[in-house]
There are 2 protein chains.
Amino acid sequence: MKKKITLKHIAKELEVSISTVSKALKNSEEIGRDTKEKVQAFAKLYNYKPNNIAISLKNKRTKNIGVVIPDIVHHFFTTVFRGIEKYANKQGYNVIVCVSDESFDKEVINMEMLANGSIDGFIMSLSAETQQKQDFNHLKEVTEQGIPLVLFDRVSDEIECDKVVINDTEVAYQAVNKLIDEGRKKIALVTTEHYFNVSNHRADGYIRALTDAGRKLDDKLILKLPYKGIEDYMIEDFINTTDLDGILCVNELFAILCMRLAQKKGFRIPEDLSIIGFTNGILSRYCTPTLTTVAQHGEKMGEIAAQMLIDRVESEIDEQEETYRTEIIEATLIERESTK
Amino acid sequence: MKKKITLKHIAKELEVSISTVSKALKNSEEIGRDTKEKVQAFAKLYNYKPNNIAISLKNKRTKNIGVVIPDIVHHFFTTVFRGIEKYANKQGYNVIVCVSDESFDKEVINMEMLANGSIDGFIMSLSAETQQKQDFNHLKEVTEQGIPLVLFDRVSDEIECDKVVINDTEVAYQAVNKLIDEGRKKIALVTTEHYFNVSNHRADGYIRALTDAGRKLDDKLILKLPYKGIEDYMIEDFINTTDLDGILCVNELFAILCMRLAQKKGFRIPEDLSIIGFTNGILSRYCTPTLTTVAQHGEKMGEIAAQMLIDRVESEIDEQEETYRTEIIEATLIERESTK
DNA sequence: AGAGGTTACGCAAACGGTTTCGTGTTAATA
DNA sequence: TATTAACACGAAACCGTTTGCGTAACCTCT
């Protein structure tokens with residue numbers, strides 16, 4: 001077993017001091033040609049690589065970024081993560097992922113674990129429970145310690161930090177307008193409980209589109225589903241008791257479920273019923289009929305979040321004039337077979 | 001901005017030595033009651049938390065584990081990751097994820113980045129390119145340095161380390177037998193290029209099942225698809241030119257594609273054609289008809305991999321008698337609508 | 001009162017680097 | 001020949017902890 005070699009080993013072997021070795025490896029002008037060559041050759045031979053931890057301690061910079069997301073078995077979050085990882089890696093950063101599992105407590109614990117020096121900054125999307133409780137103290141503590149934070153998708157106005165979101169309201173507005181243009185008269189919204197900020201924005205778009213078109217709003221056309229533990233009957237009841245010919249769903253799963261259950265009831269899609277979902281995931285592309293959906297461009301979102309974070313991390317501490325940005329990514333409607 | 005407080009700050013403020021503070025916080029018998037209380041109160045007040053990096057340097061243990069996987073936007077890998085993260089977190093470990101993107105070079109670079117002290121051990125699944133090249137030097141270097149390594153799913157016999165796999169051959173055998181029991185006469189196999197070990201094992205099961213049933217093997221019934229960049233025509237040609245009534249696909253996507261394109265050609269599923277896939281992902285559950293599939297129990301796989309790794313990491317270095325285990329997880333066939 | 005034992009704390013090394021500053025040697029200059 | 005600058009290198013501090021060991025002060029017992 002060849003244990004990792006350190007500066008000390010090289011120094012002893014070559015009978016020079018540790019500082020000489022360190023400088024020689026950095027090609028410092030201070031060190032003579034011969035010594036440099038000798039040291040560098042030796043280091044290469046033994047495949048010397050400086051210890052990241054030691055460097056982190058010295059520099060007070062870990063080159064790690066912490067990502068805390070509610071779920072990892074989830075198409076949207078993984079695409080965002082891919083973007084983060086891609087950009088971060090390019091900049092020489094590694095990514096530590098923690099999954100909050102939609103739990104407030106886990107989110108807090110994860111952040112505390114990471115905030116004690118393990119990472120240079122956070123990229124996060126709030127857990128369902130955090131959004132519900134509206135308790136953001138753990139985030140505020142972190143930012144007060146001077147640790148940069150970038151929030152994406154599930155954000156909150158109460159937290160002052162950089163953010164990346166999509167134009168939820170506008171794109172929902174567009175989606176509903178598409179349904180209106182198709183001639184749909186009874187357009188439903190299938191959404192989550194109120195505490196998800198994105199769902200609310202999408203609902204706003206839905207409402208605005210209908211009112212702008214001079215339609216009456218009808219509460220019976222809005223179905224709120226729990227985030228976890230959905231049962232078929234919840235949707236079936238809705239479909240059975242409601243007269244509708246178009247649905248906007250705030251996520252992909254809702255859309256797929258609606259489509260399946262509507263098909264089961266004999267609806268032809270898109271002839272009798274148009275369906276539009278959010279999240280351009282794998283389901284949307286491979287279900288039958290394929291699903292018209294809002295692409296959130298998660299990968300781009302991740303890249304931008306990572307860029308914002310790393311910029312913050314690397315900007316000299318003073319120049320952080322506490323002026324935070326919110327980057328808005330333009331989502332796009334991808335038309336497929338579930339609409340006309 | 002409240003910067004993180006250190007032992008040194010506490011020591012100065014309380015006019016004691018750093019070591020006294022350290023010991024007091026650990027409730028050492030060496031320190032007097034009064035001092036301990038004073039220090040602990042002060043530490044709590046200022047929310048002192050020891051710096052992870054400093055501790056890592058001291059202990060030569062980071063409490064981080066490195067996960068290198070080919071892809072993150074991929075159901076199976078994310079479920080495995082979830083298992084890893086779950087177990088690791090419970091044991092106080094954090095997880096650094098690097099995505100090799102099926103590239104050998106990225107795999108090597110990622111491992112090198114992490115191997116310089118950032119992590120205590122690796123959990124990996126080999127990239128496509130690595131399997132193709134059969135070049136495992138980066139893995140051997142890591143293990144020679146004494147860094148524990150656990151391979152899952154995409155493993156290789158050439159690497160000596162702990163492994164977690166599923167009983168691919170047996171479960172493929174079972175799956176094909178199910179098709180035989182259904183009375184299928186022309187059972188096809190849709191697989192990947194040869195260099196994926198799991199595909200080969202699954203192919204073995206396919207072949208064994210057919211030969212055990214006294215069937216003649218027919219090369220025409222085997223379709224090899226590229227791993228990326230699949231075009232519809234590749235499958236359509238196969239379906240058009242081959243007489244078949246049953247298909248075993250080595251992954252979920254292949255199964256979904258076969259199903260879609262067969263349906264398009266007028267096949268009724270499962271009446272005319274039975275399809276079984278691998279990976280019990282979201283597609284299998286929500287496509288129409290739902291897909292009979294082999295559940296690989298990724299989460300369990302991840303948990304076991306993490307457990308094996310952490311056991312290794314925490315066992316005293318000497319007792320590693322170089323006796324590696326390969327844990328085999330029993331995959332199970334989940335029957336749905338795509339088979340009778 | 002002196003020996004011996006506690007008690008309660010501090011010193012310093014160590015982990016593996018980086019970096020500032022000091023210094024001995026040599027060669028160039030006056 | 002004495003002065004000095006350039007060169008090449010080493011000592012030591014530092015990042016934040018942990019921990020073995022030394023020791024001053026006090027106590028107890030004879």
Side-chain angles (χ1 to χ4, degrees), chain A residues 3-40 42-43 46-64 114-120 145-146 317, chain B residues 3-40 42-43 46-64 113-120 145-147 317:
Chain A
K3 266 283 168 213
K4 277 264 151 189
I5 195 171
T6 70
L7 288 185
K8 198 195 280 191
H9 296 135
I10 303 183
K12 199 195 298 177
E13 204 67 27
L14 264 40
E15 295 180 309
V16 291
S17 77
I18 294 179
S19 39
T20 301
V21 177
S22 175
K23 289 169 188 166
L25 290 175
K26 299 190 111 66
N27 239 315
S28 161
E29 297 298 330
E30 263 184 278
I31 306 298
R33 264 184 72 92
D34 296 354
T35 313
K36 276 204 274 195
E37 282 175 7
K38 191 175 59 174
V39 171
Q40 290 173 4
F42 190 90
Y46 285 92
N47 192 32
Y48 169 80
K49 295 280 167 50
N51 180 304
N52 290 334
I53 299 292
I55 292 180
S56 294
L57 184 59
K58 185 100 242 279
N59 297 348
K60 295 166 148 261
R61 294 270 302 286
T62 62
K63 286 255 173 186
N64 285 154
L114 296 179
N116 298 124
S118 299
I119 50 99
D120 296 339
Q145 281 173 32
I317 303 160
Chain B
K3 265 284 169 214
K4 276 265 150 188
I5 195 172
T6 69
L7 288 185
K8 199 195 279 192
H9 296 134
I10 303 183
K12 200 195 298 178
E13 205 67 28
L14 264 39
E15 295 181 307
V16 292
S17 77
I18 293 179
S19 40
T20 300
V21 177
S22 175
K23 289 169 187 167
L25 291 175
K26 298 190 113 62
N27 241 314
S28 161
E29 296 300 329
E30 262 184 278
I31 306 297
R33 262 185 75 90
D34 295 355
T35 314
K36 277 203 273 194
E37 281 175 7
K38 190 175 60 173
V39 171
Q40 288 173 5
F42 190 91
Y46 285 92
N47 192 31
Y48 169 79
K49 293 281 166 52
N51 180 304
N52 290 334
I53 299 292
I55 292 181
S56 295
L57 183 59
K58 186 102 242 285
N59 298 347
K60 295 166 148 260
R61 294 269 302 284
T62 61
K63 287 253 172 188
N64 285 154
M113 276 195 73
L114 296 179
N116 298 124
S118 298
I119 50 100
D120 295 339
Q145 282 173 33
I147 303 178
I317 303 161

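Letters A, B, ... are given to chains in the order of the sequence lines, protein chains preceding strands, and every chain is numbered from 1.
- In this structure, the side chain to side chain contact (heavy atoms under 4.5 Å, CB included) partners of B:Ser22, at least two apart in sequence or on a different chain, are B:Leu7.
- Remark: P of C:dT19 and CD1 of A:Ile31 are 13 Å apart, rounded to the nearest angstrom.
- Annotation: salt bridge (charged side-chain N to carboxylate O under 4.0 Å, His left out) contacts of B:Lys4 (sequence neighbours excluded): none.
- To the nearest 0.5 Å, atoms CD (B:Gln40) and CD1 (B:Ile31) are separated by 10.5 Å.
- In terms of position on DNA chain C, the residue among A:Thr20 and B:Glu29 whose nearest nucleotide sits closer to the 5' end is B:Glu29.
- Applying the side chain to side chain contact (heavy atoms under 4.5 Å, CB included) rule to A:Asp34 yields no partners; only residues at least two apart in sequence or on another chain are considered.
- Applying the salt bridge (Lys or Arg N to Asp or Glu O under 4.0 Å) rule to pairs touching residues 47-61 of chain A yields A:Arg61-A:Asp120, A:Arg61-A:Glu314, sequence neighbours excluded.
- Under the salt bridge (charged side-chain N to carboxylate O under 4.0 Å, His left out) criterion, B:Lys23 pairs with B:Glu30, sequence neighbours left out.
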Full working for side-chain contact (heavy atoms from CB on, under 4.5 Å) between A:Lys63 and A:Asn52: CA-CA 9 Å; A:Lys63 286 255 173 186; A:Asn52 290 334; over 6 Å; no

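- Between the NZ atom of A:Lys58 and the P atom of C:dC15 there is a distance of 17 Å, given to the nearest Å.
- Under the salt bridge (charged side-chain N to carboxylate O under 4.0 Å, His left out) criterion, B:Glu13 pairs with no residue at all, not counting sequence neighbours.
- DNA chain D lies under 4.0 Å from no heavy atom of any residue of residues 48-56 of chain A.
- In this structure, the separation between CD1 on B:Ile53 and CD1 on A:Ile55 is 11.5 Å, given to the nearest 0.5 Å.
- From B:Gln145, atom CD reaches atom NZ of A:Lys3 across 8.0 Å, with rounding to the nearest 0.5 Å.
- Backbone-only engagement by B:Lys60 is indicated by non-hydrogen atom pairs under 4.0 Å involving sugar-phosphate atoms exclusively.
- Near DNA chain D, meaning a heavy atom under 4.0 Å away, the residues from residues 5-18 of chain B are B:Thr6, B:Leu7, B:Lys8, B:Ile18.
- Protein chain B contacts DNA chain D from D:dC15 to D:dC21, reading 5' to 3' and using non-hydrogen atoms of the protein with a distance under 4.0 Å.
- With sequence neighbours excluded, the residues forming a side chain to side chain contact (heavy atoms under 4.5 Å, CB included) with A:Leu14 are A:Ile10, A:Val16, A:Lys38, A:Val39, A:Phe42, listed by chain and number.
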Give each protein N/O atom lying under 3.5 Å from an N/O atom of nucleotides 21-27 of chain C, with the pair distance.
unit_1	atom_1	unit_2	atom_2	d
C:dC21	N4	A:Glu30	OE2	3.2

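- Scanning both residues, A:Ala43 and A:Leu25, for their nearest heavy atoms gives CB-CD2, 3.5 Å.
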B:Leu114 vs B:Asn64, side-chain contact (heavy atoms from CB on, under 4.5 Å): CA-CA, chis, key distance, verdict: CA-CA 10 Å; B:Leu114 296 179; B:Asn64 285 154; over 6 Å; no

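- Between the OG1 atom in A:Thr6 and the CD1 atom in A:Ile18 there is a gap of 7.0 Å [rounded to 0.5 Å].
- The stretch residues 32-40 of chain A has no heavy atom under 4.0 Å from DNA chain C, so no residue of it qualifies as close.
- Distance, A:Arg61 CZ to C:dG17 C1': 16 Å, rounded to whole Å.
- Looking only at distances, a side-chain donor or acceptor of B:Lys36 sits under 3.5 Å from a matching main-chain atom of B:Ser28.
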